[in-house]
Amino acid sequence: MGSVIGKFLTNLSIILRAVSSKQTVNTHQLDQLCKETAIKLVQHWPTFRFTPTMHEILAHSAALIHANESRGLGTLSEEPLEHNNKNLRAYRERLARKTTQQANLTDVLTRLWIKSDPIVRSYRRVVKCSFCNGPHNVRSCPKKCEVTSGCLSFEDHLVDCIFTTSRNSVPKVDGCFVWRCPRLSSRCDHHGRH
């Protein structure tokens, strides 16, 4: 029973990573993983009732990502909007005229307009990895992670399979999702063998 719960948690972790990412997602494999997870969940616990959120994730996330040009839904999150509230407060308190509300809001909107200008944005500091010179920081460097840890974890291999961009790379093998991962063809956690 413990390995079944662990497999469900692993599958849900992979699904949530794919949904919240900003990368290209292989929607065919994600859809198969969602369906397999839902079917196995109902098979192991017949009295289980899906919450509306769980239904949305398992039944509709692949279709939503496909409609978003096969990109994860991370770009549609509210985090940038929440971060902008912090900027708005700082602009209103420190960088805008406080004579009238109209003058205050005019200064705030002008500052937001300038901040979104492509020419001004081109002068922003570009983040560069000191390990591989990629467009990310050293803490999130995939090359450094591979060098320091030796190999990716089992869950990370499955996530890599979900984020493949080529439909030709989807293996046509029946069985559990673990068997569908080309890099993990010798391992099957579903049957408890290595």
Begin from the C-alpha positions of Leu109 and Trp113 and carry the test side-chain contact (heavy atoms from CB on, under 4.5 Å) through to its verdict. CA-CA 6 Å; Leu109 289 174; Trp113 188 265; over 6 Å; no
Using side-chain contact (heavy atoms from CB on, under 4.5 Å), reason through Thr24 and Arg71 one step at a time and then give a plain yes or no. CA-CA 4 Å; Thr24 302; Arg71 294 241 173 228; 3.4 Å; yes
Would you please test Lys40 and Val4 for side-chain contact (heavy atoms from CB on, under 4.5 Å) and show each step? CA-CA 9 Å; Lys40 300 258 183 190; Val4 173; over 6 Å; no
Should Val25 and Asn68 be marked as a side-chain contact (heavy atoms from CB on, under 4.5 Å) after you check the CA-CA gap, both sets of side-chain angles, and the distance that decides it? CA-CA 10 Å; Val25 176; Asn68 193 31; over 6 Å; no
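Closest non-hydrogen pair, Arg111 versus Leu95, comes out as NE-CB, 3.7 Å. When every heavy atom of Lys115 is checked against every heavy atom of Asn87, the shortest pair comes out as NZ-ND2, 2.5 Å. The minimum heavy-atom distance between His44 and Phe8, with the atom names listed, is CD2-CZ, 3.8 Å. Ala103 and Thr100 make their closest contact through N-OG1, 3.1 Å (heavy atoms, listed as atom of the first residue, atom of the second, distance). Closest approach of Ile65 and Leu30 over heavy atoms only: CD1-CD2, 3.5 Å.
The 12-atom threshold is not exceeded at NZ of Lys86, counting heavy atoms of other residues, nucleotides or ligands nearer than 6.0 Å.
Each of Gln29, Lys35, His28, Glu36 was evaluated against Gln32; a single residue qualifies, His28, per the side-chain hydrogen bond (donor to acceptor under 3.5 Å, both in side chains) test.
The backbone N or O of Thr37 sits nowhere less than 3.5 Å from a side-chain atom of Lys7 that would complete a donor-acceptor pair.
Looking at heavy atoms from C-beta onward, Lys98 lies in side-chain contact with Asn104 at the 4.5 angstrom threshold. For the pair Asn84 and Leu112, the minimum side-chain heavy-atom distance is below 4.5 Å. Under the 4.5 Å side-chain criterion, counting only non-hydrogen atoms from C-beta, Arg92 is in contact with Leu105.
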